[in-house]
Amino acid sequence: MVLQPGKKIYFASDFHLGVPDLATSQERERRLCKWLDGIKHDAQRIYLVGDIFDAWFEYKYVVPKGYVRLLGKLAELTDAGIEIEAFTGNHDLWMRGYFEDELNIPVHHEPVELEVNGKKLFIAHGDGLGPGDYKYKLLKRVLTNPACQWLYRRFHPNFGIGIASFFSKLGPKHKSDEPEQFLGEDKEWLVLFCKDTLKQRHFDYFIFGHRHLPMAYPVGEGSTYINLGDWISFNTYAVFDGHTCSLQYYGLPPVI
């Protein structure tokens with residue numbers, strides 16, 4: 001991929017639309033739409049790197065209600081020729097066809113490796129990567145199993161989407177008011193994943209969400225791990241200008 005002169009690639013993740021309540025979620029959604037309006041003049045491509053929604057499950061003819069501001073803005077941008085690609089996260093694993101059919105947005109269920117202007121990027125939500133977290137890895141295998149999803153769709157949408165929303169709110173990131181902290185290299189699974197990957201091949205940037213802690217952390221010679229943070233506490237995103245990838249705040253940076 002080659003960036004056109006003056007164009008950039010933008011990355012953002014972990015919007016978690018739907019929590020903690022309707023009013024707060026809609027305020028966050030409006031903020032996201034303003035951000036998208038602000039970058040559309042120079043965005044060649046935008047990556048939404050997972051957990052766009054706090055709970056999302058697609059039936060054949062039904063999707064969760066709401067989010068019309070963001071969905072309409074995404075449709076506006078793709079209709080204008082801006083490329084947008086999305087990733088599933090651990091809260092919206094069950095995206096199947098709606099974004100592709102309605103918004104012309106490809107959805108990735110696995111990491112993507114990309115070379116842009118000679119720089120190599122590894123992009124993924126980040127859930128299930130690296131050592132540890134074995135309970136979640138087992139749960140993810142169940143949740144992404146086509147047979148299990150087919151069985152779940154036998155539930156009425158009111159029940160199926162309702163129960164998914166209920167359990168999504170029980171996650172540790174929602175239950176704790178304590179800010180995320182860097183745990184050290186030996187306990188940060190995504191840092192360990194980056195370092196292990198670099199033993200086999202080089203990437204200039206690893207770009208992940210999931211961690212809810214914005215950071216640009218060196219993981220090897222000429223290689224940086226960027227975590228996109230979230231839009232609940234930080235309003236952070238990353239920009240690649242063809243040479244470097246940097247972490248930025250929308251509005252004033254928060255007090256960390």
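Keep in mind that the numbers below use all heavy atoms, side chains included, and drop hydrogens, waters and symmetry copies. Count residues from 1 along the sequence.
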Do you reckon [X] sits in the same ILVMFWY cluster as [Y], going by side-chain contacts under 4.5 Å, direct or chained?
X	Y	value
Tyr250	Val239	yes
Ile39	Leu71	yes
Leu114	Leu228	yes
Leu121	Leu247	yes
Leu143	Ile161	yes

Fit a plane to each ring of [X] and [Y], take the angle between them on a 0 to 90° scale, and name the class: parallel (under 30°), tilted (30 to 60°) or perpendicular (over 60°).
X	Y	result
Phe57	Trp94	tilted
His108	Tyr47	tilted
Trp35	Trp231	tilted
Phe99	Trp56	perpendicular
His91	His16	perpendicular
Tyr10	Tyr237	tilted

So [Y] and [X], do their side chains get closer than 4.5 Å, heavy atoms only?
X	Y	answer
Val49	Ile123	yes
Ser246	Gln248	yes
Leu103	Ile84	no
Glu100	Met95	no
Ile46	Ile82	yes
Thr224	Ile226	yes
Ile9	Leu3	yes
Leu48	Ser13	no

Under 4.0 Å between a side-chain nitrogen and a carboxylate oxygen: does that hold for [X] and [Y]?
X	Y	answer
Arg30	Glu27	no
Lys7	Asp42	no
Lys120	Glu113	no

Would Val116 and Val2 count as a side chain to side chain contact (heavy atoms under 4.5 Å, CB included) here? Give the steps.
CA-CA 6 Å; Val116 188; Val2 177; over 6 Å; no
Contact summary for Ala55 and Pro64, nearest pair of heavy atoms:
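Closest pair (atom of Ala55, atom of Pro64, distance): O-CG, 4.4 Å.
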Minimum-distance pair of heavy atoms, taken over all atoms of Asp37 and Lys73:
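Here Asp37 and Lys73 meet closest at OD1-NZ, 2.8 Å.
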Cys194 and its side chain to side chain contact (heavy atoms under 4.5 Å, CB included) partner, picked from Phe206, Phe122, Phe203
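With Cys194 as partner, Phe206, Phe122, Phe203 yield a single side chain to side chain contact (heavy atoms under 4.5 Å, CB included), made by Phe206.
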Indicate, with yes or no, if the rings of [X] and [Y] have centres closer together than 6.0 Å.
X	Y	value
Tyr59	Tyr61	no
Tyr225	Tyr217	no
Phe87	His125	no

Approximate separation, where rounding is to 0.5 Å, of [X] [atom1] and [Y] [atom2]:
X	Y	atom1	atom2	value
Ile52	Asp14	CD1	CG	10.0 Å
Leu213	Asp230	CG	CG	9.0 Å
Leu198	Lys195	CG	NZ	8.0 Å
Leu32	Glu29	CG	CD	7.5 Å
Arg69	Leu74	CZ	CG	14.0 Å
Asn145	Tyr152	CG	OH	15.0 Å

Quick one: do Arg211 and Leu183 satisfy side chain to side chain contact (heavy atoms under 4.5 Å, CB included)? Show the steps, please.
CA-CA 11 Å; Arg211 185 65 176 83; Leu183 303 176; 3.6 Å; yes
Would you find a donor on one side and an acceptor on the other, under 3.5 Å apart, between the side chain of [X] and the backbone of [Y]?
X	Y	answer
Glu85	Ile105	no
Glu58	Arg96	yes
Ser25	Gly18	yes
Asp92	Gly89	yes
Asp54	Leu17	no
Tyr205	Cys245	yes
Arg141	Lys137	no

Please list all pairs passing the ring pair (Phe, Tyr, Trp, His ring centres under 6.0 Å) test where one or both residues lie in residues 62-86, with sequence neighbours left out.
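Applying ring pair (Phe, Tyr, Trp, His ring centres under 6.0 Å) to every pair that reaches into residues 62-86, excluding sequence neighbours, yields Phe53-Tyr67.
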Pro20: which residues meet the side chain to side chain contact (heavy atoms under 4.5 Å, CB included) condition with it, sequence neighbours left out?
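So Pro20 forms a side chain to side chain contact (heavy atoms under 4.5 Å, CB included) with Thr24, Arg28.
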For the residue pair Asn90 and His210, confirm or rule out a side-chain donor-acceptor distance under 3.5 Å.
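There is such a pair between these side chains.
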Apply the test side chain to side chain contact (heavy atoms under 4.5 Å, CB included) to residues Lys8 and Gln44: give CA-CA distance (whole Å), side-chain angles for both, the deciding distance (0.1 Å), then the verdict.
CA-CA 6 Å; Lys8 301 174 182 178; Gln44 181 169 323; over 6 Å; no
Show me the donor-acceptor pairs, under 3.5 Å and distance only, between side chains in residues 126-134 and residues at least two apart or in other chains.
residue : atom : partner : partner atom : Å
Asp127  : OD2  : Tyr136  : OH           : 2.4
Asp127  : OD2  : Lys140  : NZ           : 3.2

Answer yes or no: are there more than 12 heavy-atom neighbours, outside Lys34 itself, under 6.0 Å from its atom NZ?
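For Lys34, atom NZ is not crowded (no more than 12 foreign heavy atoms under 6.0 Å).
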